[in-house]
Number of protein chains: 2
Amino acid sequence: MSAVPFEKPPTAQEAVLAELRRMLVTGELAPGSPVRQEALAERLGVSRVPLREALKVLEGEGQVVYAAHRGYVVAELSVDDLVEVYRLRELLETEAVRRAVEQLTDDDVAALQAAASEVDVADRTGDVALITAANRRFHFLLFDLAGMPRLTRTLRQLWDATDVYRSVYFAERANRDRIHDEHLALVDALARRDAGAAVAAQDAHRAHSVAAVTAALEARG
Amino acid sequence: MSAVPFEKPPTAQEAVLAELRRMLVTGELAPGSPVRQEALAERLGVSRVPLREALKVLEGEGQVVYAAHRGYVVAELSVDDLVEVYRLRELLETEAVRRAVEQLTDDDVAALQAAASEVDVADRTGDVALITAANRRFHFLLFDLAGMPRLTRTLRQLWDATDVYRSVYFAERANRDRIHDEHLALVDALARRDAGAAVAAQDAHRAHSVAAVTAALEARG
DNA sequence: CTGGTGAATATTGGATCCAATCTGCTACGG
DNA sequence: CCGTAGCAGATTGGATCCAATATTCACCAG
């Protein structure tokens, strides 16, 4: 009985949800495009039922919008929406960092350092999806340390909403280089339990991101 | 063709969702109790499919928790959870008020005054459900004026999460009396475009609420 | 008496089928 | 030529049925 920590999908709806999230991040499901349930379900090898349940979750998160008898459409973010998301992130992430700093152990700091290194490792592969995932793990490791589950959940929704658009940020070599330094500065501030500096580092991090993404968004119209 | 603004339920899942929300607020679906799909569906006069879709929405909002093959359970809030929700509300509602004040018109102020009066009207009926609803309309009218849809949505989720517990607050005569004064103070500050005072009024409002609800929660254990 | 093993039951998960609604095209009248 | 009514196809919404999993309880070994 090899009790290997083997990943398995217990239900189809969860597998579908995970796959839909992936398709949203990669842009396979592009913003504004309608979701054809039958075709998508067939492609995923399931019936429409688990697909619809997964879509309901995404609807609750605002990733897709639903209209009765007209189905689901992949949510489209305007520049205003994007700016709003980043403003909310600022408010909530500031809280998260301040709380986390209060109860940060040395082990936590070490774990954060390790997570930051993982981002560098992913960076060297050049795979945008890997980088995005590693970056996310790093930041949410920190958020989780605040010990506020609802805060983490809300932040996850906000991050999810802009995942597609953030990819363009990671696609740029210059941005990826800057991330390394910014993460380093953040971990450094945390190691010193300097909440103010940590918040400042996060703010800078976000500011770069939002600037790049809005620029990209306005470019295409 | 009488184009009467007649209420109609476009889909069963929406009707079910609305009914489930009502049952959650009234405690008909009590925190911690499992959701028996077949029985509940039959009681609502629908099959399990639309019920399950409605439950997925509530799951996304954290109103129920889901475990694969074990079903849904009505979410239970610990005191810590409750304190967290109120802290998040403080952060987000402060932002909402500050933004709203920036672009408040005289008509908006008048509408807020009217909404506050509605709360008084509901108050005189003594019906806790009516009071809760009127109170909610008043506050969200203000939040909406910030022009930040995601912020409003997040706040709605936070309010929903604690609706059941807030009922105990409104059940107390003394608390209801205080609400009138607090709303008056808030509208007054808004009419003067005094963001600081408005935020302070809201903070006081919340502080009373959280104190009452935590007390009630700790009392029963 | 305790612990575990197995079958029986209850409950959830998913697929298929049918009904309801929407969309696009066509034809007709102005 | 333009607008509209209506029909046909496409798509979603919901109900029923079956499969998969979990839970309960009886039974037995120790």
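In what follows, chains are A, B, ... by sequence order, proteins preceding strands, each numbered from 1.
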Colleague: Does anything in residues 37-60 of chain A come within less than 4.0 Å of DNA chain D? Heavy atoms only, and list the residues if so.
Modeller: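 Within residues 37-60 of chain A, the residues near DNA chain D are A:Q37, A:R48, A:R52.
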Colleague: What is the nucleic acid contact for A:V35, judged by heavy atoms within less than 4.0 Å: base, sugar-phosphate only, or nothing?
Modeller: sugar-phosphate
Colleague: With distance as the sole test, does B:R153 use its side chain to make a donor-acceptor pair with the main-chain N or O of A:G60 at under 3.5 Å?
Modeller: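 Yes: the side chain of B:R153 pairs with the backbone of A:G60.
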Colleague: Within 45° of the axis and under 6.0 Å from the centre of the six-membered ring of A:F170, does NZ or CZ of A:R176 qualify?
Modeller: no
Colleague: How long is the span from the CG atom in A:D123 to the OG1 atom in A:T125, to the nearest 0.5 Å?
Modeller: 7.5 Å
Colleague: Taking atom C1' of C:dT11 as reference, at what distance in whole Å does atom OH of B:Y66 sit?
Modeller: 12 Å
Colleague: Does A:R70 make a side-chain N or O approach to OP1 or OP2 of C:dT21 shorter than 4.0 Å?
Modeller: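 No, A:R70 has no side-chain N/O under 4.0 Å of OP1/OP2 on C:dT21.
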Colleague: State, with a plain yes or no, whether a side-chain heavy atom of B:R136 is found less than 4.5 Å away from one of B:W159.
Modeller: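 Yes. Closest side-chain heavy atoms under 4.5 Å.
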Colleague: Carefully, step by step, assess B:N135 and B:T132 under the rule side chain to side chain donor-acceptor pair (under 3.5 Å).
Modeller: CA-CA 5 Å; B:N135 180 63; B:T132 305; over 6 Å; no
Colleague: Indicate yes or no for a side-chain donor-acceptor contact from B:Q103 to the backbone of B:L145 under 3.5 Å, with no hydrogens or angles considered.
Modeller: yes
Colleague: Quick one: does A:Q13's side chain get under 4.5 Å of B:Y66's, heavy atoms only?
Modeller: yes
Colleague: Side chain to side chain donor-acceptor pair (under 3.5 Å) between B:E93 and B:H139: does it pass, once the steps are laid out?
Modeller: CA-CA 10 Å; B:E93 290 177 7; B:H139 285 282; 6.0 Å; no
Colleague: Under a criterion of less than 4.0 angstrom to any heavy atom of chain B, what are the 5'-terminal and 3'-terminal contacting nucleotides of DNA chain D?
Modeller: D:dG13 to D:dT23
